[in-house]
Each structure stands twice: as C-alpha cells, then as structure tokens.
Amino acid sequence: MESAHPARGAFDRMTALFWRRPKLLTALLIAPPLLWLGVVYVGSLAALLLQSFYSIDEFSGIVVPEFTLKTYAELLIPSNYDVIVRTVTMAAAVTLASVAIAFPVAFFAARHAKGRWKAVFYLGVMLPLWSSYLVKVYAWKLILAKEGIITWAAEGIGAGNVLGAVLAIPVIGGNSLSTSYIGTFLVFVYVWLPYMILPMQASLERVPTSMLEASADLGARGWRTFRSVILPLALPGVIAGSIFTFSLTLGDYIIPQIIGSSRFFIGQAVYSLQGTAGNIPLAAAFAVVPIVIMLVYLAVARKMGAFDAL
Amino acid sequence: MTAAVEFLNVSRHFGTVRAVDRVDLSIAEGSFFAMLGPSGSGKTTCLRLISGFEKPTAGTIRIFGEDMGEVPPNRRHVNTVFQDYALFPHMNVRDNVAYGLMVRGVDRRSRRDKAEEMLSLVKLDGFGDRKPAQLSGGQRQRVALARALVNEPRVLLLDEPLGALDLKLREAMQDELKALQRRLGITFVFVTHDQGEALSMADRVAVFNEGRIAQVGTPSEVYDRPATRFVADFVGSSNVLPPDLTRSFGGPECWASLRPEAIRFAPAAEARATGRVSALRYLGSGTRVALEAGGQEIAVLVPAGNPLPAVGDRAGLTWDSDALHLMEGA
C-alpha cells in the first residue's frame, strides 16, 4: 500500500513547496507590504528630509539642491517660531484634555460595561468617525458661531455674560467661539477623542481585577490604587492615544483654517509654503518639526518607564 | 475565646444563583483552616466575603468579634494571596512586597528593611531588584506571600495557593506553608479543590457543596467519618453504598461509606461480599480494582506487591467491621 497520497494539481505542489521551504512563504507574504513601507513610505520621508536641507534662491525662487542648514535657521525667525510654539501648545492642551475626558469613559467601558452596554460604548465612540471630518468641522463652526446654539443657550439660561467673560480672556478668547483658540481647541478635542479612548480602553481592559483587589487588600484607598496601579498599567495605552491626538493636532491644517483666529499652525504653514510660495525646502523643514517632536516625546516616555508594563 | 472569623447565617446570591447559602462557620484563632470543595461550591466566594471583595446578601461576618458589615477591604486586618498572585508587573519584587507599607505611609528606609526581612522569610533573599516577569511560578508565589504578610495580618487568606505549581513544587510548598503558619502563629484560611492538599495542610477542613457546608472537622474526621454521601465521594473517592447494599454488606439499612483501601480480597468462605472484576487501573503505588457488586461499582485499592485478579474474575471481599461507616443523616 502507498504511504502518501499523490499530489492533486498545482495547489498541492505549492503547499508541498511551502512546507519544504517555510521561509519562502513568509518572504512572499511580507514582500508587498515591505516594498510599500520601504519605498513609498520611508522613501518619501527620506526625500522630505533631504529637501529640508536644501534652500531657496531668494531672487529666482528656484530650489538650490545643496546641503545647508539655512532653511532650519529660518524656522527660528519669530514669525515662523510662533507658528511652531502655537501648534505645539495647542497639541499639548488637546492631548491633556483628551486624556482627562477619555479616561473615565475608557475606564467605565473597560471595567464596568458588559454585553449590550459594551456594544453601545463602541458604537458611541466609533459613530462620529463614520461621518466626514469636514462635515463635523463645519457643523462645529455653526455650533460655535456667534449666532450659534451655544451663544443662544448661554443667553437663554442667563449665562451670556459668562460666555462673554470667557471670550474676553486675552489670546485664547476672541469675537466668538468659532473665531477663537478656544473654538479650535474644542473641535480638536472632539475630533480626536475616539483615538484616545480606544487604546486607553484596550490597555485598561488588560489590567486584571485581582490586581486592583490586591491593592485594596493591602490597604490602598481608591486614589492610591489609581495612582500606583491603574495609571502605570494603563500608561502604554495613554501614550498610544496621546501619540494620535498629539501628532494629529500637530499636522492638521483644516480645523485651524475653518475654526479659530486666522493665525497659522504648522500644517497651514506647510500647505501655503509648498503651494503658492513654492518654498519646498522651508515646507519640508516645517514638516520635520512634528516628526522630531514625536521622537523626543517617545524617547522621554520610554525613559520615564511608560512602556515597562508592556 | 473569640473566633478569628465567624459566619452567622451568611448568604451571597448572584441573581438567582445561591453561591453561598445560609452558612454558619467559626474559624479558631491560630488555626490552619481549609475550605474544600469542587468549583462552584461557594468556597472562593466565602473567602472573598472574609476579605471584603464580596458583600453578604444576608447574615453577619465577624472578624475577631467585630462586625465587618460596613468595613471595606482596605481596613480589614486580613490579607490575601491571590490565585494568580496579582503581582504588580511594573514594580520590582521589593516594591511589590513593600506596597502595603507604602500605602500606610511608612518611610522608605523602614519599608526597604521590612521588605528584605519578608523576602528572607520566604527564602527569596537577593531577589528584590527583579521584576515579577523574571521569576518562576514558585518564586512569584513566595513574593505574593511576602507581600500579603508584610502588613502583619491577623488572618491570611490563600486562594488556591498551590494551584498553578507543578506537583513536586506543590508538595514542597505544602510543608513550607505549614511551617510558616506555625512560626507566625496567625490564622491561615485557604481555599482548594484538592482534597489531598486540604487533608495534609489543614487543622480543620470545611467541605463545601452547592453553597453550603457539608461537613466541618479535622482532616481525619472528614476522611474517616464523612457526614454525607457527597463528602464520602469527594474526599478520597470512597465507595458510597445505598441503603439496600449496606444491608447486604452486613449493616443496617442506611447510606454508608466504605473506603477502597479498607477492602481486601478473601476466599469465598470468609467473604462478606462478592463481585465481578470489571477494570484495573494501575496507580504506581498500588492498583485500583473496580468490581461489579449488587448492581453497583465497588472500588478496591490493592497495594503494590499483592496478587491481582483478572478482569472477569469473581472475587470475594472482606473488611474490618468498623470500616463500614454509616451516614444516617445522608
């Protein structure tokens, strides 16, 4: 009697080939994404980095393809530097606010919501992501406008002067919410919040209940357990979420254009520099700023032990 | 003397499930107490009622005479060794052990000294700087022990303390836990589904079944004189005889327990009963012979080195007359 079935066609022979050479299958599977990441993605990043070391000829407006740090020096001109400070401050504020708002939501979803409520949670968090970003931003413009529902509601409950006082705060205030930094901030927080909640919820879900019980068992009150056990264990999720909120805010050029004072953010600066101004090197240098900030941020987070619990 | 832990008619219901059903229990101070039962029998819930992670639906729990009704877990003089150890993965071993002291605001230096002392108590000197992930299962369990003992609890609770360890380590830890309890002199309450573990470590054993305590007693009481059919079967897999079989085996008409190791093979003339051998199971230290007698399976434990019958043989059985334990209340 035969001890093996004969091969039945090409697929059988292919299966046999992959069985004999398992690395061949891995190579075939990994090649397309590797090409995409390596060439298209990392390649364009390298091109970007290269461009940022070029400069523009002030008279002809032509890019001079020679290595120089002149373009980076231009970032330190007050008008450019302001753009960076403004953007980083906004990104940090948006991230902190997202952490503060997302944590209770994520905590509830991870530790208390079961079955149907969990589904409701996911739907509630994901639903805003299904509608167009532009639609949401314009909707917020209407909500925040001087004639919008917030002003109307504030006046209706007799809090019109409170709103007036908030808008009278220098720098972050303005003529109306939709033309102030407060408005920009609110819309950023709204739009990026799901990206903070989801990773946070995933990391909180991985903290076993017995660990919280152990903390209480050893005498800890709620706040101590939160600080010494929950927060450190959830930190990888918080960092993951903050990478989203921070870097998305750093790079966004549509929200500050539609809502807020018309002062530039990094994204808008890049957009206008590579467009009408044709200053590709400076646009590239601006684009490198968020990348460097994120690298520094991750290095600091790592140093502080944010990934120890991974 | 006040009991270390006392349950007065305690129930804990989850919806319609009665996890713990009208339990009365008293655990003496300084004893090594086992809660034994199959999964879902309510033993773990009882442990969590003592630690405070569950609140009774009805009844009163006292610890050293004090009603625990309104006392949260962090204020009870009770500490727990969790089944999965629940060590904090982001802290090193020393910080894990010192956690209870940090919470109470003990200064860093005393914390360190005390943690090292506890680590040496559980024979883990020099492991303070490691992370829990770098330890073996047995070492992690010792850390969990040290962490629970650092607050000097009056009652130590252990939830399936040896469940995750392999056999050899389990046996060594049994002796060690027992020695530790004697040395510290505090009350240990542990939950287990392993009857061997309960019998070998505990001073007293409570056998749980379906949310109720079937029997409380010393290990030998529970083993030799089981109060119910359940206890007889669960602790040491005894032969549980229905009333008619007890009678044909020479007893009165009531349920009885007959330990497999109490039965011997005998010539037909001297036999108290006969049966047909249906299966043999080799155990190393002996062989478990299953026989068909009076319409029921009877197990006989034959120590190694004795002659064995073959499957299908008819065999006579005998036992000492006091081996037949009657269970009137069953």
Side-chain angles (χ1 to χ4, degrees), chain A residues 99 103 106-107 110-118 199-242 298-310, chain B residues 15 44 47-48 50-54 71-92 95-106 111 114-115 118 131-134 140 143-153 155-160 164:
Chain A
V99 171
F103 204 95
F107 190 80
R111 308 220 67 93
H112 299 290
K114 300 246 154 47
R116 178 194 291 266
W117 283 109
K118 193 144 239 172
M200 228 181 212
Q201 186 253 0
S203 73
L204 281 168
E205 211 153 64
R206 284 204 306 264
V207 179
T209 312
S210 66
M211 230 161 259
L212 309 187
E213 290 181 348
S215 177
D217 186 78
L218 293 162
R221 279 179 291 234
W223 174 244
R224 161 62 71 184
T225 301
F226 175 78
R227 237 179 52 201
S228 300
V229 181
I230 299 176
L231 200 59
L233 292 177
L235 209 52
V238 177
I239 299 288
S242 67
L298 286 182
V300 170
R302 196 190 137 108
K303 191 98 183 168
M304 280 167 54
F307 305 116
D308 286 6
L310 277 184
Chain B
T44 300
L47 199 78
R48 293 171 61 80
I50 302 174
S51 58
F53 296 121
E54 298 290 348
V71 183
N74 58 335
R75 300 213 334 257
R76 298 189 184 194
H77 281 303
V78 166
N79 286 118
T80 307
V81 176
F82 289 84
Q83 183 170 12
D84 61 358
Y85 313 140
L87 300 178
F88 305 129
H90 56 296
M91 296 180 192
N92 65 22
D95 291 344
N96 260 288
V97 173
Y99 188 81
L101 301 173
M102 180 191 72
V103 163
R104 289 191 301 169
V106 175
R111 252 166 31 208
K114 183 79 183 173
M118 293 324 289
K131 286 283 177 79
Q134 294 168 296
R140 271 180 229 178
V143 176
L145 251 177
R147 187 179 68 172
L149 288 170
V150 83
N151 278 357
E152 297 174 358
V155 179
L156 184 74
L157 307 177
L158 304 108
D159 188 3
E160 299 272 1

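In what follows, every chain begins at residue 1, and chains take the letters A, B, ... in the order their sequences are listed. Values reported hereafter were calculated over all heavy atoms of this structure, with side chains retained and with hydrogens, waters and symmetry mates removed. This is a predicted model, so every value here is computed, not measured.
B:F53 and A:E213 get closest at one heavy-atom pair: CZ-O, 3.1 Å. Across all their heavy atoms, A:M211 and B:P89 have their closest contact at SD-CD, 3.6 Å. Closest heavy-atom contact between A:P232 and B:H90: CB-CD2, 3.3 Å. The minimum heavy-atom distance linking A:A220 with B:Y99 is given by the pair CB-OH, 3.9 Å. For the pair A:D217 and B:N79, the tightest heavy-atom approach, listed with the atom from each and the gap, is O-ND2, 2.7 Å.
B:R104 CZ: more than 12 foreign heavy atoms inside a 6.0 Å radius.
Ranked by heavy-atom pairs shorter than 4.5 Å toward chain A, the options B:V81, B:D84, B:V78, B:T80 are led by B:T80.
The contact between B:L87 and chain A is made entirely by backbone atoms, counting heavy-atom distances below 4.5 Å. For chain B, no part of A:T209 is nearby; none of its heavy atoms comes within less than 4.5 Å.
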Quiz: residues 144-151 of chain B side-chain donor-acceptor pairs under 3.5 angstrom, not counting sequence neighbours:
unit_1: B:R147; atom_1: NH1; unit_2: B:A86; atom_2: O; d: 3.0
unit_1: B:R147; atom_1: NH1; unit_2: B:N96; atom_2: OD1; d: 3.4
unit_1: B:R147; atom_1: NH2; unit_2: B:Y85; atom_2: O; d: 3.1
unit_1: B:R147; atom_1: NH2; unit_2: B:A86; atom_2: O; d: 3.0
unit_1: B:N151; atom_1: ND2; unit_2: A:L218; atom_2: O; d: 3.0

